[in-house]
Amino acid sequence: MGRVYNFSAGPAVLPEEVLREAAEEMLDYRGTGMSVMEMSHRSKAFQEIIDTARADLRGLMGIPEDYEVLFLQGGASQQFAMIPMNLMKNRVVDYIVTGQWAKKASEEAKKYGKVNILASSADKTFSYIPDCRDLPVSEDADYVYICENNTIYGTKYKELPDTKGKLLVADVSSCFLSEPVDVTKYGVIYGGVQKNIGPAGTVIVIIRKDLITEDVLPGTPTMLKYKTHSDAGSLYNTPPAYGIYICGKVFRWLKKQGGLAAMKKYNEKKAKILYDFLDQSSMFKGTVAPKDRSLMNVPFVTGDDMLDARFVKEAKAAGFENLKGHRSVGGMRASIYNAMPMEGVEALTAFMKKFEEENQ
Ligand SMILES: Cc1ncc(COP(=O)(O)O)c(C=O)c1O
């Protein structure tokens with residue numbers, strides 16, 4: 001069987017070109033006679049891989065000098081604890097809850113101090129982003145936390161909250177590198193790479209350098225201090241070396257596509273095909289407030305669980321994988337990350353149209 005159109009929310013589709021290149025280098029990475037998987041992380045070859053990856057990411061995102069880039073482990077979920085442990089000096093933080101991931105992060109932060117929920121969209125099953133232009137930000141908040149793209153519910157902040165001068169911390173796992181960002185608006189940007197960038201096991205943290213200090217909560221493990229990893233250039237211990245190598249290849253691929261501005265245009269065009277179809281369909285409906293729709297994760301339903309299940313089954317048989325919605329919401333979800341080609345979305349839309357006609 002050949003490759004399918006993989007609409008998984010993560011781990012997710014990667015650029016075929018990157019996978020082919022990695023396959024070519026699998027047994028002998030550029031004359032080293034070994035795979036990157038087999039290589040010392042202290043070797044010259046690996047140092048070059050991580051340095052190039054870091055520099056390419058800096059270039060792609062326009063990361064200023066006063067921000068550090070860290071390649072860490074533990075997934076995005078480990079950051080739920082690492083962020084408060086490193087940043088919660090006053091033991092007061094503000095979270096905006098727009099879905100399960102922000103909720104989980106807020107619950108983890110509660111272990112370390114007072115967590116105010118500034119706003120939430122739980123009242124409408126997280127189908128929108130609350131108005132964040134004038135929030136009651138706490139006087140002594142160490143930071144305001146958001147999950148910028150909500151993988152499960154398919155919403156995205158189109159405008160960042162007004163944090164009234166407080167530090168903004170954002171989980172960008174499912175919109176990482178999907179469009180340009182102004183890094184200076186954030187204290188910390190982080191994400192697991194397994195959606196838009198690489199294989200699971202690596203998390204990237206972009207953090208303003210003045211936030212990296214020894215002044216962390218008492219008892220913070222060495223491995224969970226940003227300073228440990230920053231001081232060691234992300235090589236304090238054995239890093240997720242193969243993951244970093246693939247991330248580096250994806251950064252190169254993104255540069256070749258024209259960078260993040262070009263990627264945004266492509267993603268907008270791609271998502272529009274699917275949203276336009278949903279908006280005119282009499283069977284399939286998008287579940288998100290149109291103004292808050294994500295370019296990356298597109299949830300939809302027919303309104304009939306049996307029909308949803310049949311659609312997912314028939315779609316799978318036709319080569320469209322992983323369209324089942326998250327177990328907590330049901331229905332369908334098409335994740336259309338950077339590496340999903342336009343043809344994948346066109347083919348899916350054509351399949352949906354046919355399914356609709358056949359099941360009237
Ligand atoms: C937005 C967001 N944050 C956090 C996570 C958790 O990531 P991890 O499994 O790497 O801990 C996910 C995973 O799907 C996610 O979508």
Side-chain angles (χ1 to χ4, degrees), residues 61-64 67 76 79-80 83-84 87-107 109-110 113-191 206-208 211 260-261 264-265 267-268 271-272 275 279 286-299:
M61 291 181 71
I63 301 173
Y67 283 76
Q79 294 307 308
F80 297 171
I83 288 160
L87 303 181
M88 218 170 175
K89 320 277 182 205
N90 297 330
R91 304 248 185 182
V92 178
V93 286
D94 288 349
Y95 279 64
I96 302 174
V97 175
T98 51
Q100 285 196 17
W101 297 115
K103 187 161 182 278
K104 278 195 175 159
S106 71
E107 277 160 9
K110 278 182 197 160
K114 186 165 178 342
V115 175
N116 299 304
I117 304 300
L118 276 190
S120 164
S121 50
D123 60 335
K124 290 187 185 158
T125 339
F126 300 118
S127 58
Y128 69 103
I129 298 289
D131 183 346
C132 296
R133 286 172 297 182
D134 184 20
L135 296 169
V137 177
S138 310
E139 280 280 304
D140 47 356
D142 290 306
Y143 57 82
V144 175
Y145 180 102
I146 61 168
C147 177
E148 197 162 328
N149 186 84
N150 296 281
T151 326
I152 297 173
Y153 301 95
T155 57
K156 160 102 201 316
Y157 285 80
K158 301 292 161 78
E159 211 178 297
L160 293 175
D162 181 351
T163 62
K164 304 192 173 163
K166 300 295 180 196
L167 211 62
L168 179 65
V169 174
D171 173 358
V172 300
S173 296
S174 48
C175 59
F176 225 157
L177 303 180
S178 63
E179 56 183 278
V181 286
D182 179 354
V183 175
T184 63
K185 294 209 164 110
Y186 304 79
V188 181
I189 302 177
Y190 80 92
I206 299 157
I207 175 168
R208 223 174 60 204
L211 301 172
L260 302 191
K264 181 181 189 199
K265 267 199 192 138
N267 287 330
E268 280 173 345
K272 189 173 185 305
Y275 284 124
D279 286 344
T287 55
V288 169
K291 70 175 183 35
D292 301 322
R293 285 169 165 175
S294 164
L295 293 180
M296 299 283 102
N297 311 97
V298 183

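The first residue in the sequence is number 1, and the count goes up from there. The analysis underlying the following values was restricted to heavy atoms, covering all of them including side chains, and did not include hydrogens, waters or symmetry mates.
Within the model, atoms OH of Y67 and CD1 of I189 stand 7.0 Å from one another, a figure rounded to the nearest 0.5 Å. In this structure, L135 CG and K166 NZ are separated by 13.5 Å, a value rounded to the nearest 0.5 Å. Separation of atoms OG1 (T151) and CG (N297) is listed at 5.5 Å; rounding is to 0.5 Å. A distance of 8.5 Å separates CG in L167 from CD1 in I207, rounded to the nearest 0.5 Å. With rounding to the nearest 0.5 angstrom, the CE atom of M88 is 10.0 Å from the NZ atom of K114. Expressed to the nearest 0.5 Å, how far CG of N149 lies from CD1 of I129 amounts to 8.0 Å.
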I would like to know whether R133 and E159 meet side chain to side chain contact (heavy atoms under 4.5 Å, CB included); could you show each step before the answer?
CA-CA 9 Å; R133 286 172 297 182; E159 211 178 297; 3.9 Å; yes
Going through the distances and angles, do D182 and T184 end up as a side-chain hydrogen bond (donor to acceptor under 3.5 Å, both in side chains)?
CA-CA 5 Å; D182 179 354; T184 63; 2.5 Å; yes
L177 and L260: CA distance, side-chain angles, deciding distance, side chain to side chain contact (heavy atoms under 4.5 Å, CB included) verdict
CA-CA 6 Å; L177 303 180; L260 302 191; 4.0 Å; yes
Run R91 and D140 through side chain to side chain contact (heavy atoms under 4.5 Å, CB included) and show every step you take.
CA-CA 9 Å; R91 304 248 185 182; D140 47 356; over 6 Å; no
Please test Y143 against V188 for side chain to side chain contact (heavy atoms under 4.5 Å, CB included), starting from the C-alpha separation and ending with a verdict.
CA-CA 10 Å; Y143 57 82; V188 181; over 6 Å; no
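For the pair N267 (side chain) and L295 (backbone), a donor-acceptor distance under 3.5 Å is absent. Side chain of D142 to main chain of V93: no donor-acceptor pair is present (N/O by atom type, distance under 3.5 Å, no hydrogens or angles). D94 places no side-chain N or O within 3.5 Å of a backbone atom of L118 that could act as its donor or acceptor partner. Using modelled atom types, one side-chain atom of S121 and one backbone atom of Y128 make a donor-acceptor pair closer than 3.5 Å.
For A76, the side-chain contact (heavy atoms from CB on, under 4.5 Å) partners two or more places apart in sequence, or in a different chain, are S173, Y190. A search for side-chain contact (heavy atoms from CB on, under 4.5 Å) contacts involving S106 returns Y95, V97, V115, I117, not counting sequence neighbours. Here D162 pairs with K164 under the side-chain contact (heavy atoms from CB on, under 4.5 Å) rule; sequence neighbours left out.
Taking both residues in full, the closest heavy atoms of A102 and I96 are given as CB-O, 3.5 Å, listed atom of the first, atom of the second, then distance. When all heavy atoms of Y275 and S294 are compared, the pair lying nearest together is OH-O, 2.6 Å. Of all non-hydrogen atoms in Y153 and G99, the two that sit nearest each other are CE1-CA, 3.7 Å. Scanning both residues, K158 and R293, for their nearest heavy atoms gives NZ-O, 2.7 Å. Contact between C147 and Y157 at its shortest, heavy atoms only, is O-CE1, 3.2 Å. Residues T163 and V137 approach most closely at O-CG1, 3.6 Å, considering heavy atoms.
Within 6.0 Å of atom NZ in K272, 12 or fewer heavy atoms from other residues, nucleotides or ligands are found, so the atom counts as exposed in its surroundings. Within 6.0 Å of atom NZ in K110, more than 12 heavy atoms from other residues, nucleotides or ligands are found, so the atom counts as buried in its surroundings.
Screening T98, T287, D292, N150 for a side-chain hydrogen bond (donor to acceptor under 3.5 Å, both in side chains) with T155, the sole residue that qualifies is N150.
Side-chain atoms of I146 and P161, non-hydrogen and from C-beta on, do get closer than 4.5 Å to each other. Contact check for I206 versus M61: side-chain heavy atoms found under the 4.5 Å cut-off. Under the 4.5 Å side-chain criterion, counting only non-hydrogen atoms from C-beta, E148 is in contact with L160. Taking the side chain as every heavy atom from C-beta outward, V181 and F176 never approach each other to under 4.5 Å.
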